[in-house]
Amino acid sequence: MGFQETYGREPDGVWHAPGRVNLIGEHTDYNDGFVLPFALRQGVTVAAARRDDGVFELRSLQSRSTTEVTDPTPGSVDGWAAYAAGVVWSLREAGYQVGGASLLIDADLPQGAGLSSSAALECAVAVALCDLYGIEVPRPALARIAQRAENDFVGVPCGIMDQSASLLCTEDHALFLDCRSGLSAQAPLDLTGLTLLVIDTRAEHELVDGGYADRRTACEKAAELLGVPALRDVTDLAEALSRLGDPVLRRRTQHVVTENHRVEATVGLLRAGAVGEVGALLTASHLSLRDQFEVSWPEADVAVEESVRAGARGARMVGGGFGGSVIALVPTARAERVREAVTEAYARRGWAEPRFLDATPSAGARRLR
């Protein structure tokens with residue numbers, strides 16, 4: 001990674017944390033619901049070495065920038081470095097004694113594509129610092145620490161899914177995660193004859209704006225009006241909708257409740273070995289995110305429509321919305337046709353050419369050397 005050239009010494013170790021694709025279960029995590037992400041091969045790699053002066057020096061091969069910080073506090077660090085510095089702050093807030101370190105960060109995960117590059121950065125830094133300082137933190141607890149870095153240090157009100165996926169996923173499986181209890185189980189994701197095609201729509205994904213926070217606030221308001229801790233606790237959807245006078249709150253509630261059901265149905269299909277049947281649930285999820293939660297965007301809608309028309313079993317937007325990527329479940333024999341159809345549709349509209357990635361369910365964060 002060039003650590004020797006950058007810092008004049010060899011690193012004490014190299015760590016990797018993957019990005020993720022959420023197979024299904026969008027905007028359910030902060031509603032105490034269920035999600036089903038899997039880890040990608042691509043992610044963030046951190047080479048790091050301890051230092052004795054208490055300074056954290058953060059350098060990125062992508063941005064060519066350097067940030068030095070001794071005692072990070074919310075608001076003291078800007079840009080990409082805030083996600084890394086926030087982990088230092090969050091570990092210390094949790095009572096762990098973390099000293100200084102030199103870190104060199106590299107990534108092969110496209111930023112702004114909705115594949116959770118921010119959580120991958122947080123988790124790579126978290127596992128690196130824990131190893132450097134001999135700190136043992138159970139992975140679910142470390143996910144909470146990384147989440148707090150993003151919530152309270154960076155200011156993004158994300159749920160727990162992205163950090164959990166980056167830390168807990170295993171190869172050839174999706175992670176069935178209960179976001180309330182933190183309990184998880186591995187669901188087999190056998191893609192024999194199928195391809196999970198990630199389509200980067202090139203519409204940049206940005207969550208520090210108001211759209212994501214507005215959706216979370218609306219869900220919390222709906223739960224309060226319904227007298228439940230979270231929308232996950234709604235058991236009679238028709239009755240709940242009849243009690244909500246605000247049509248926006250009704251739409252948000254309908255998405256969250258039905259999306260939780262779709263996650264559970266998908267897990268059942270995976271465990272039955274019927275991966276191909278998941279496609280219809282993916283498309284239903286997208287329609288709900290487009291019409292009920294209103295977080296889709298034109299490039300995503302076209303990618304979904306063209307993918308299904310070209311032979312995909314189903315497709316949907318992934319991530320928080322307002323830009324990012326689409327995932328399509330495609331018979332491998334039709335994958336090239338799907339790529340061509342989406343590319344041609346974008347060209348007709350004068351949009352930037354989409355990028356494609358064949359998603360392989362991979363292992364979570366780990367030390368490489």
Side-chain angles (χ1 to χ4, degrees), residues 20-31 33-38 113-116 159 161-162 174 189 194-205 207 211-212 215 219 231 237 248 250-267 269-270 275-331 334-335 338-339 341-343 345-346 349 351 354-357 359:
R20 65 93 187 99
V21 171
N22 189 24
L23 185 61
I24 197 164
E26 220 65 79
H27 289 276
T28 49
D29 57 346
Y30 57 80
N31 287 290
F34 305 108
V35 293
L36 193 62
F38 63 91
L115 303 178
S116 197
M161 175 183 66
D162 294 349
L189 186 50
L194 295 166
T195 295
L196 279 170
L197 184 64
V198 176
I199 305 166
D200 179 359
T201 70
R202 306 289 296 279
E204 189 166 343
H205 164 88
L207 289 184
Y212 184 95
R215 297 308 185 280
C219 290
L231 290 181
L237 179 59
V248 172
R250 287 201 297 270
R251 291 197 297 272
R252 305 297 184 256
T253 300
Q254 182 169 347
H255 167 73
V256 172
V257 174
T258 58
E259 186 80 345
N260 276 320
H261 293 326
R262 284 187 285 269
V263 174
E264 293 178 297
T266 299
V267 171
L269 289 171
L270 296 187
V275 180
E277 304 306 311
V278 168
L281 293 167
L282 300 184
T283 303
S285 173
H286 181 78
L287 296 177
S288 182
L289 287 159
R290 184 192 70 185
D291 300 336
Q292 305 302 327
F293 222 68
E294 299 173 285
V295 293
S296 189
W297 61 102
E299 293 89 341
D301 296 336
V302 169
V304 169
E305 292 162 9
E306 294 295 334
S307 295
V308 173
R309 187 176 291 121
R313 295 288 186 90
R316 72 176 195 88
M317 58 152 280
V318 296
F322 312 106
S325 296
V326 161
I327 187 171
L329 181 65
V330 188
R334 301 289 296 174
V338 169
R339 293 185 186 93
V342 175
T343 300
Y346 275 41
R349 291 164 173 81
W351 293 343
R355 293 181 291 221
F356 300 93
L357 181 155

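The basis for the numbers below is simple: all heavy atoms, side chains too, and nothing from hydrogens, waters or symmetry mates.
Residues Trp351 and Arg202 are not in side-chain contact: their nearest non-hydrogen atoms beyond the backbone lie 4.5 Å or more apart. The side-chain heavy atoms of Leu269 and Val275, taken from C-beta on, include no pair separated by under 4.5 Å. Within the 4.5 Å cutoff, the side chain of Pro37 has no heavy atoms near those of the Val21 side chain.
Judged by distance alone, with hydrogens and angles left aside, the side-chain atoms of Thr28 form a donor-acceptor pair with the main-chain N or O of Gly25 at under 3.5 Å. Under the 3.5 Å distance criterion, the side-chain polar atoms of Asn260 are matched with a main-chain donor or acceptor of Phe34. In this structure a side-chain-to-backbone donor-acceptor pair under 3.5 Å is missing from His27 to Val256. Checked by atom type and distance alone, the side chain of Glu259 pairs as donor or acceptor with a backbone atom of Glu26 at under 3.5 Å. At least one donor-acceptor pair closer than 3.5 Å links the side chain of Arg334 to the backbone N or O of Ala310. Between the side chain of Thr283 and the backbone N or O of Ala315, at least one donor-acceptor pair lies under 3.5 Å. In this structure a side-chain-to-backbone donor-acceptor pair under 3.5 Å is missing from Arg309 to Ala341. Of the possible donor and acceptor atoms, none in the side chain of Arg290 sits under 3.5 Å from a partner among the backbone N and O of Val295.
In the model, Arg262 has a side-chain atom that pairs as donor or acceptor with a side-chain atom of Thr258 under 3.5 Å.
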| said: Could you go through Glu294 and Arg252, starting from their C-alpha distance and side-chain angles, then the distance that decides it, and tell me whether this counts as side-chain contact (heavy atoms from CB on, under 4.5 Å)? | reply: CA-CA 9 Å; Glu294 299 173 285; Arg252 305 297 184 256; 2.8 Å; yes
| request: Step by step, work out the side-chain contact (heavy atoms from CB on, under 4.5 Å) result for Tyr30 and Arg215. | output: CA-CA 10 Å; Tyr30 57 80; Arg215 297 308 185 280; 3.7 Å; yes
| Leu270 vs Leu36, side-chain contact (heavy atoms from CB on, under 4.5 Å): CA-CA, chis, key distance, verdict | CA-CA 11 Å; Leu270 296 187; Leu36 193 62; 3.9 Å; yes
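Among Val330, Ile199, Leu197, the single residue meeting the side chain to side chain contact (heavy atoms under 4.5 Å, CB included) criterion with Arg339 is Leu197.
Arg20 forms no cation-pi arrangement with Phe38, by the criterion of a distance under 6.0 Å to the ring centre and an angle within 45° of the ring axis.
Ring orientation note: the planes of His255 and Phe293 are tilted relative to one another, at an angle of 30° to 60°.
The line from NE2 of His286 to CD1 of Ile24 is 12.5 Å long, rounded to the nearest 0.5 Å.
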